[in-house]
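What follows is a set of notes on a single structure, which appears directly below.
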Amino acid sequence: MLSTYRYPKYAYRRPPEVAEARAGHYPVVVVGAGPVGLAAAIDLGMQGTPVLLLDDDDTVSIGSRGVCYAKRALEVLDRLGCGEEMVEKGVSWNVGRTFFREQEVFNFNLCPEPDHHRPGMINLQQYYLEEYMVRRAQALGNIDLRWKNKVIAVTPGDDKVTLRVETPDGAYTLGCDWLIVADGARSPIRHMLGLEVEGKIFMDRFLIADVVMKADYPAERWFWFDPPFHPGQSVLLHKQADNVWRIDFQLGWDVDPEEEKKPEKVIPRIQAMLGDEREFELEWVSVYTFQCRRMNDFRHGRVLFVGDAAHQVSPFGARGANSGIQDTDNLVWKLKLVMEGKAPPALLDTYSAERTFAADENIMNSTRSTDFITPKSAVSKTFRNAVLSLAERYPFARALVNSGRLSVPSFLTASALNTPDTDTFAGHMVPGAPMDDAPVSTADGQQWLLELLGNRFQLLYYLDDASALEAATAGTLSGLADGPIPIQPLVVAERGRAPMGLATVIDTKGRIRERYDLQPGTVYLVRPDQHVVARWRRLDAAAVRAALARATCNA
């Protein structure tokens, strides 16, 4: 098969524990150098925590695997310092189209509002994503990334976790204060600890074919139900980088996966879809089965599970890697506060609570999509086809079409870390909401709001003219930076510069005011992972500090 990508070979280095015949100890060990494990390591490394990252391979993932990265994941990757490279290489898109047989019956736009930095999605082969993230991790200097280091035993304890690691030079032992497990859906560590995932495996299979070809199809998601070139089944088409196109063919359950991956079986399917005159070459072929499952808890003492190790969903909706990256976004700031002694270990229980809620939301949406795409009875299929037939003409039917509800961030509205509203607000930036972006200008020039947020608690204070900020209010805002957990104040305004050196953000197009329902004096307290934690119509330092205490389990 043709290859458009040259896989890097990362050098194995003899660990000092083997060379010196001693046990090592590290603050944090991350197992698994896929997108989720790398995100955890980069986030910790950026914030000054030394990290040991172990992987049993010496290259990136083989094949395109996860290809769709959603707006929220891109915003997290921006914060980690590697989003721009991915967006530049990837194929950006917002529009998806659904076809029934030969007729388009439904379309959607993932980003209908103007003035957002990132698109609804990019398509990018997973090997590129991992290569860029490895490069970022290596650049930080405090991440020890060890290839060909396979964890073969894990022993949790009250004050540490002990690991046994196998290498080409022999095995060694190390300890860590905290272990982050990102070793994938089959998670050897999960099995070592006797922990399992619960849920549902769907009796259907899909063939993935990555096809290299020049085509003038738009950069959109196209999904067919019962197309003439693959009757009775479903097909999905995505454009990726390097003129690679992802095509998914529904196969049904009663097929031999190994037989279906053979070129003599794959090529006729593609020719039926594209026509005999279209030239193409195969790059990668795989067959997958739907799963919607999760662990009961993502925290087990000092062992923390993230990504596919903790939860799995079917691929329709792009909820796998996107959800895993959001796991680490939720976890790392909490772990850092606990490690620094600024928050109790109970804060890590809220990681499990918030992300199991998000996993359940993803599983629900993924299950509904799978049930619509692969109906399990003649009655279900008749209903599905009737919905598709009506969707072209009737809006009520379009709402029922489900070719994969695509990944969006969870609104953590039920989180115990939120402070409930006591004032009236419009819009959807409620406590627990992931923050909306907007164009801004600062002393450094034109930027985006989310570029200025993250990695710490921050307070947005709004008024029309920043230069009119009263001295007493400016003093109160400045005082919030004092304390064990500082709060950085940002003055948001239409014009002017705030006194006392307070950072000023100019709302250049009024989008922050619009999206956050701002009035003069409005205050938003936001978390290090860019979720709203509390909001008020007037500044009250005591209320802000109480909300901070609640958001860090110090109340």
Side-chain angles (χ1 to χ4, degrees), residues 1-7 32-36 55-57 59-69 90-91 123-131 183-187 201-213 221-224 229-230 233-274 280-293 307-309 312-324 366 369-370 373-374 403-404:
M1 293 186 183
L2 181 70
S3 177
T4 61
Y5 178 77
R6 179 178 235 171
Y7 287 88
V36 178
D55 195 271
D56 60 4
D57 204 352
T59 189
V60 295
S61 294
I62 304 299
S64 62
R65 298 183 180 271
V67 300
C68 296
Y69 300 98
V91 175
N123 292 345
L124 181 67
Q125 296 92 314
Q126 186 170 317
Y127 43 71
Y128 278 121
L129 185 89
E130 292 182 16
E131 180 185 345
D183 58 351
R186 294 182 176 88
S187 186
I201 298 176
F202 291 86
M203 307 292 278
D204 210 332
R205 292 189 172 98
F206 271 73
L207 169 77
I208 297 174
D210 276 358
V211 174
V212 183
M213 65 178 179
R221 178 189 195 261
W222 286 5
F223 193 103
W224 287 267
F229 53 82
H230 194 51
Q233 306 280 29
S234 301
V235 178
L236 176 64
L237 176 70
H238 272 293
K239 183 180 182 181
Q240 304 176 74
D242 303 331
N243 289 318
V244 177
W245 296 78
R246 159 70 64 84
I247 308 175
D248 293 40
F249 292 96
Q250 184 184 3
L251 298 176
W253 185 248
D254 298 322
V255 297
D256 182 337
E258 294 307 312
E259 280 295 314
E260 293 299 329
K261 289 192 287 187
K262 293 179 178 178
E264 59 266 29
K265 296 281 284 187
V266 176
I267 289 172
R269 295 188 189 280
I270 298 171
Q271 287 174 328
M273 177 181 180
L274 303 177
F280 65 86
E281 294 188 64
L282 291 178
E283 182 179 66
W284 181 64
V285 174
S286 184
V287 172
Y288 62 84
T289 301
F290 294 159
Q291 300 182 65
C292 287
R293 308 187 295 172
D308 285 351
Q312 298 117 47
V313 291
S314 65
F316 291 107
R319 296 173 182 274
N322 286 292
S323 181
S366 188
S369 297
T370 303
I373 292 166
T374 62
S403 62

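Values in this document were obtained by computation on a predicted structure and should not be read as measured data.
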Using every non-hydrogen atom in the two residues, find where [X] and [Y] come nearest and quote the distance to one decimal.
| X | Y | result |
| --- | --- | --- |
| Asp183 | Ala309 | OD1-CB, 3.6 Å |
| Tyr128 | Thr4 | OH-O, 4.2 Å |
| Ser366 | Val313 | OG-CB, 3.7 Å |
| Val266 | Ala209 | CG1-CB, 4.1 Å |
| Pro35 | Glu130 | CD-OE2, 3.3 Å |
| Arg205 | Pro257 | NE-CG, 3.5 Å |

Can you pull the salt bridge (Lys or Arg N to Asp or Glu O under 4.0 Å) pairs that have at least one residue in residues 261-272, sequence neighbours excluded?
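Sorted result for residues 261-272: Glu258-Lys261, Glu259-Lys262, Glu260-Lys265, Glu260-Arg269.
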Tell me if a side-chain donor or acceptor on [X] pairs with a main-chain N or O of [Y] at a distance below 3.5 Å.
| X | Y | value |
| --- | --- | --- |
| Asn322 | Cys68 | yes |
| Asp55 | Gly32 | no |
| Gln126 | Val67 | no |
| Gln125 | Ser64 | no |

Hey, are the side chains of [X] and [Y] touching, using non-hydrogen atoms and a 4.5 Å cut-off?
| X | Y | result |
| --- | --- | --- |
| Val235 | Asp248 | no |
| Leu124 | Gln240 | no |
| Phe280 | Ile270 | yes |
| Ile208 | Arg65 | no |
| Arg246 | Asn123 | no |

Taking salt bridge (Lys or Arg N to Asp or Glu O under 4.0 Å) as the test, write out the residues that go with Asp256, two or more places apart.
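Per chain and number, Asp256 pairs via salt bridge (Lys or Arg N to Asp or Glu O under 4.0 Å) with no residue.
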Can Tyr5 and Glu131 be counted as having a side-chain donor-acceptor contact under 3.5 angstrom?
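Distance-only check passes for Tyr5 and Glu131.
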For Arg221 and Ser403, does a side-chain donor sit closer than 3.5 Å to a side-chain acceptor?
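There is such a pair between these side chains.
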So how far is it from [X] [atom1] to [Y] [atom2], rounded to the nearest 0.5 Å?
| X | Y | atom1 | atom2 | value |
| --- | --- | --- | --- | --- |
| Ser234 | Leu251 | OG | CG | 11.0 Å |
| Gln233 | Ile373 | CD | CD1 | 12.0 Å |
| Ile62 | Asp57 | CD1 | CG | 7.0 Å |

Could you pull out all residues at least two apart from Phe249 that satisfy ring-ring contact (aromatic ring centres under 6.0 Å, His included)?
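His230.
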Excluding sequence neighbours, so at least two apart, what forms ring-ring contact (aromatic ring centres under 6.0 Å, His included) with Phe229?
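By the ring-ring contact (aromatic ring centres under 6.0 Å, His included) rule, Phe229 matches Trp224.
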Start with the C-alpha distance between Val285 and Leu207, add both sets of side-chain angles, then the distance that settles side chain to side chain contact (heavy atoms under 4.5 Å, CB included), and finish with yes or no.
CA-CA 7 Å; Val285 174; Leu207 169 77; 3.5 Å; yes
Test log, rule side chain to side chain contact (heavy atoms under 4.5 Å, CB included), inputs Asp242 and Val212
CA-CA 8 Å; Asp242 303 331; Val212 183; over 6 Å; no
Quick one: list whatever passes side-chain hydrogen bond (donor to acceptor under 3.5 Å, both in side chains) with Trp245, sequence neighbours left out.
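Partners of Trp245 under the side-chain hydrogen bond (donor to acceptor under 3.5 Å, both in side chains) test: none.
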List the residues meeting side chain to side chain contact (heavy atoms under 4.5 Å, CB included) with Asn243, not counting sequence neighbours, and say none if there are none.
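Asn243: side chain to side chain contact (heavy atoms under 4.5 Å, CB included) contacts with Lys214.
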Lys239 vs Val244, test: side chain to side chain contact (heavy atoms under 4.5 Å, CB included). Steps then yes/no.
CA-CA 6 Å; Lys239 183 180 182 181; Val244 177; over 6 Å; no
Fit a plane to each ring of Phe206 and Tyr288, take the angle between them on a 0 to 90° scale, and name the class: parallel (under 30°), tilted (30 to 60°) or perpendicular (over 60°).
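Rings of Phe206 and Tyr288: parallel, as their planes differ by under 30°.
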